[in-house]
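These values consider heavy atoms only, across backbone and side chains, with no hydrogens, waters or symmetry-generated copies.
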Number of protein chains: 2
Amino acid sequence: MKKLFITKIGGNVIDHPEELRKFVADFAAQPGLKILVHGGGKIASELAHKLGISQALVNGRRITDAETLKVTTMVYAGLLNKQIVALLQASGSNALGLSGADLNCIRTQKRQVEDIDFGFVGDMTEGSVDAGLLATFVDAGIIPVLCSVTHDGRGQLLNTNADTIASALAVSLSDRYEVQLNYCFEKKGVLMDVNNEGSLITRMNKTTYRKLVGEGVIAKGMIPKLDNSFDAITKGVKKVIIGHSADLSKMMTPHENPGTVLVG
Amino acid sequence: MKKLFITKIGGNVIDHPEELRKFVADFAAQPGLKILVHGGGKIASELAHKLGISQALVNGRRITDAETLKVTTMVYAGLLNKQIVALLQASGSNALGLSGADLNCIRTQKRQVEDIDFGFVGDMTEGSVDAGLLATFVDAGIIPVLCSVTHDGRGQLLNTNADTIASALAVSLSDRYEVQLNYCFEKKGVLMDVNNEGSLITRMNKTTYRKLVGEGVIAKGMIPKLDNSFDAITKGVKKVIIGHSADLSKMMTPHENPGTVLVG
């Protein structure tokens, strides 16, 4: 099977034009089949703030109301997605920006209202990803660039977590390719102590992970990402690396293992 | 040759969610090969106003500065493009939203500074459109939905007039298809008297057009659209109709000729 790299980028890199430019150039320079998934950093919340759209919270959980969804769609599917695509094209990479609505490539389900109405949030289901379509693009040398806006197939755009999109793509493509999933962010990887970059966990399997969560060593914010990652590995993804965006080229080089490498 | 309809929608329809929804449903219901090009209506200028971005003007001409380009990209490539795509998908039409940067489908040249620096405006050149790529999508039953954001191939997004994009697409695809170009807006078509919808010019060739321009009968705002249209006809486009968005289904029905039909 051919190798496919699915890379998710978010956080600080997205917020800083120069870092984004550097990251995109790095990404473009790596050989192989690739898909990029991006989040939105702080630009969307800054725009919402400027427009006087208050961050809707219920029991401390973020809500995507109609106005917030508009901002998300503008920033993620518009500004960031097209800037990234234009930068990739400038680096000779034939990128295609996609929301989940485009070619119906990611169809999600509006989150059911139980205790909290999360608003226009789309949850991935078994058949959400059109893996065949994405494989057609990838095999044609095209780099799909996915933002975290999806749709319900009934005309409603929905906000979906970018980490979840990346892992769902990885799983759905793992019977066609040997998939490596790279989560790039602003830390070296998973740290024993969040304030100490020297405390990097270089390798972790599910047993170690459960133990560290039980001991309260793994920071809360990392848990959804790690749950997603181990779930992806269980479902056929070969390798997941969580690491610093500046280490992307190492992540994509065989036998180099920067960041935290997750294994089955 | 197979028939291809290229439809441009802009103005009032874009600004009103219910009208847009109706237009998209109408568009989806028409059989045949189709491409949609959309402008942005007033949403972009309203957003710019809310953000305190002043409309830059030099000698009465609009300038696309860096901040305005961001707003354009957010509204055109993000909000509107994805809303239209999601609505088309809901109508069973397999739409793919594209900026010019995506797959490098429309590469333009930043307008040269002569008397005025128009800022981030991209002008179409001979080789701007990747007609082969668009034909591949169209022949696969996909409906490309193009917004008026293009790129220069060097990482810079650019703002390009949607009417110009529509006519350039029509011309570039006219050796592969029998192309009909539909310009949809909020009037019945080209009027002898802009305030009288009863004064519709139902059919016009280039000679009549020149005569009416000479007599000052054609309103100034219509001239770029009509120049584009006659230029497209000269270069191989079979038929151009300028008409009301509510008349789209008639425009796309053989032997019905609503609006103003332009002929060679």
Side-chain angles (χ1 to χ4, degrees), chain A residues 21 24-25 43-44 46-47 50-53 69-105 107 130 133 136-137 140-145 147 149-158, chain B residues 17 21 24-25 43-44 47 50-53 69-105 107 130 133 136-137 140-145 147 149-158:
Chain A
R21 191 176 290 268
V24 170
I43 299 173
E46 281 170 11
L47 179 63
K50 277 188 198 162
L51 293 172
I53 299 166
L69 179 69
K70 279 187 191 175
V71 168
T72 303
T73 307
M74 290 197 289
V75 173
Y76 294 15
L79 190 65
L80 292 170
N81 192 266
K82 299 317 164 197
Q83 280 180 346
I84 291 170
V85 167
L87 289 172
L88 282 170
Q89 289 289 347
S91 302
S93 292
N94 198 14
L96 167 62
L98 294 167
S99 74
D102 295 297
L103 299 173
N104 191 28
C105 66
R107 185 191 290 226
D130 188 341
L133 175 78
T136 305
F137 285 130
I142 290 165
I143 302 176
V145 179
C147 66
V149 175
T150 61
H151 78 141
D152 69 355
R154 295 195 300 272
Q156 181 62 57
L157 295 168
L158 295 167
Chain B
R21 191 175 289 268
V24 170
I43 300 174
L47 179 63
K50 277 187 198 162
L51 293 171
I53 299 166
L69 180 69
K70 279 187 190 173
V71 169
T72 303
T73 307
M74 291 197 289
V75 173
Y76 294 14
L79 190 64
L80 291 171
N81 193 265
K82 298 318 165 196
Q83 280 180 345
I84 292 170
V85 168
L87 289 172
L88 281 170
Q89 289 288 348
S91 303
S93 291
N94 198 14
L96 168 62
L98 295 167
S99 74
D102 295 298
L103 298 174
N104 192 27
C105 65
R107 185 192 290 224
D130 188 341
L133 175 77
T136 304
F137 286 131
I142 291 166
I143 301 177
V145 179
C147 66
V149 174
T150 61
H151 77 141
D152 70 353
R154 294 195 300 273
Q156 181 62 57
L157 295 169
L158 295 167

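When the candidates A:Asp102, A:Val75, A:Ile142, A:Leu80 are compared by the number of heavy-atom contacts under 4.5 Å with chain B, A:Asp102 comes out ahead. Ranked by non-hydrogen atom pairs under 4.5 Å with chain A, the options B:Ile143, B:Thr73, B:Asp152 are led by B:Thr73. Of the listed residues B:Lys50, B:Lys82, B:Arg107, B:Gln156, the one with more heavy-atom pairs under 4.5 angstrom with chain A than any other is B:Lys82. Between chain A and the options B:Met74, B:His151, B:Gln83, the largest number of non-hydrogen pairs under 4.5 Å is found for B:Met74.
Annotation for B:Gly155 and A:Ala90: closest pair N-CB, 3.3 Å, computed over non-hydrogen atoms. Looking at every heavy atom in both residues, B:Leu157 comes nearest to A:Ala86 through CD2-CB, 3.8 Å. Across all non-hydrogen atoms, the minimal contact from A:Asn94 to B:Leu103 is OD1-CA, 3.2 Å.
Proximity to chain A is absent for every atom of B:Leu88, based on heavy atoms less than 4.5 angstrom apart. Proximity to chain B is limited to the side chain of A:Phe137, based on heavy atoms less than 4.5 angstrom apart.
Residues B:Leu98 and A:Leu96 have side chains in contact (heavy-atom distance under 4.5 Å, counting atoms from C-beta outward).
Judged purely by atom type and a 3.5 angstrom limit, A:Gln89 has no side-chain atom pairing as donor or acceptor with the backbone of B:Gly153.
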